[in-house]
Amino acid sequence: MLFKRSPNGIDLPYSSEITPREVYEGRRQFIARIAATAAVGSGVWEMANREAFAQGSAQRLAATRNAGLSTQEQQTSFKDASSYNNYYEFGTDKGDPVENAHTLRTRPWTVTIDGEVKKPVTLDIDRILKLAPLEERVYRLRCVEGWSMVIPWVGYSLSNILKQVEPTGNAKYVEFTTLADRRQMPGLRSPVLDWPYVEGLRMDEAMHPLALLAVGMYGQVLPNQNGAPVRLIVPWKYGFKSAKSIVRIRLVSRQPRTAWNDSAPNEYGFYSNVNPNVDHPRWSQATERRIGEDGFFQRKRKTLMFNGYDQVASLYSGMDLKKFF
Ligand SMILES: Nc1nc2c(c(=O)[nH]1)N[C@H]1C(S)=C(S)[C@@H](COP(=O)(O)O)O[C@H]1N2
Ligand SMILES: [Mo]
């Protein structure tokens, strides 16, 4: 199968063929990365954390199911949801994050919320966990690659944290910056994206009750590979808008740059609403496969506008969603 190359000669992300990492990284870098992973990964804490998930004894989070915002669909298994991941800081293959993300240190962790706000603040993760009552919300998440999962997330509406800092009248967009630390993240050695991973939302999107600040899934804290200790879940947009391991939330007056838009502007727009009527330049977005339904009896599901979250449609009334893809 043919796939395009970006101007700098690097295989574009999301191509359907995987280049062996040893080839694209170069042998020396590859060996350096393996060595670095071993050095950081030997920490007792990381081992304990990995063990905890393996044994199902990770820190549990008490949360009340928000039935109104939850889908009743069959949930993806924890195993699939935590071993088939996109987290390029830990490698570009689906199985890389679960293998590599044990080097991520999720304590101590702070998130700075600043920019166009009256009360900028840096919050410790333990404060974030208690900032608002934790809810369980079962959301569909659809990746731009054409697969989806149904995951019971734990967290609360992002609006809770945004209201706290009192946005000024100039706050029109929200920029999310995620951790980029070469000592913890072997994938940063590959220039597949312009690190750090940055995403953005318009202010009214960020304030929508569905936009979730997630700290857990399946009743436990997030596994590292799913974006521990805190990430975004925007269920009506393609998965890449749901930034993992957030360190900074900045309110801004202008539309922020985003990592995916930088890498391939014609493929990944700022809005990135799930929209079966707008094809990705290299493939159709009309259908998706649900992870866990693979195999002989696999059904192709029709992809729904806004991933089925019709309640957000009013945010885009009057907008041409083919132009603002
Ligand atoms: N920091 C960071 N966040 C990220 C990504 C990433 O590579 N790095 N991948 C995105 C993509 S493409 C998807 S589909 C989702 C996947 O989330 P999951 O692995 O928990 O299902 O995370 C998103 N958030
Ligand atoms: Mo994705």
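Every number for a ligand or one of its atoms is a count from 1 in the order of the listing.
- If you check each of Met217, Met149, Glu199, Glu89 against atom 2 (C) of ligand 1, the one with the closest non-hydrogen atom is Glu89.
- Taking every heavy atom of Ser242 and a limit of under 4.0 angstrom, the matching atoms of ligand 1 come to 22 (O), 23 (C), 24 (N).
- Cation-pi geometry between Arg140 and Tyr309 is met: the NZ or CZ atom falls under 6.0 Å from the ring centre, inside 45° of the normal.
- Proximity of a side-chain donor or acceptor of Thr177 to a complementary backbone N or O of Val198 within less than 3.5 Å is not detected.
- Residue Tyr84 has no nitrogen or oxygen atom sitting less than 3.5 Å from a nitrogen or oxygen atom of ligand 1, judged on distance alone.
- Atom numbering of ligand 1 starts at 1 in the shown order; those under 4.0 Å from a heavy atom of Tyr88 are 6 (C), 7 (O).
- The aromatic rings of His280 and Trp283 lie parallel to each other, with less than 30° between the two planes, well short of the 60° mark.
- In terms of polar-atom proximity, Gln225 is not counted as a contact of ligand 1, lacking any N or O under 3.5 Å from an N or O of the ligand.
- For Tyr316 and Phe306, the ring centers sit closer than 6.0 Å to each other.
- Remark: Thr168 engages Glu116 in a side chain to side chain donor-acceptor pair (under 3.5 Å) (not counting sequence neighbours).
- Ring-centre distance between Tyr268 and Phe240: below the 6.0 Å cut-off.
- Neither the backbone nor the side chain of Glu145 comes within contact range of ligand 1; no heavy atom lies under 4.0 Å.
- Near Thr178, meaning under 4.0 Å from any of its heavy atoms, are these atoms of ligand 1: 1 (N).
- Counting heavy atoms under 4.0 Å from ligand 1, residue Tyr87 touches it through both backbone and side chain.
- The ring of Tyr84 has its center closer than 6.0 angstrom to the ring center of Trp147.
- For the residues Gly239, Ser83, Cys143, Ala243, the heavy atom positioned nearest atom 15 (C) of ligand 1 is part of Gly239.
- If you look at Asn86 next to ligand 1, the close heavy atoms, those under 4.0 Å, come from the backbone and the side chain alike.
- Residues meeting the side chain to side chain donor-acceptor pair (under 3.5 Å) test with Thr122, sequence neighbours left out: Thr112.
- Residue Trp260 has no nitrogen or oxygen atom sitting less than 3.5 Å from a nitrogen or oxygen atom of ligand 1, judged on distance alone.
- For Trp147, no nitrogen or oxygen atom sits less than 3.5 Å from a nitrogen or oxygen atom of ligand 1, counting backbone and side chain alike.
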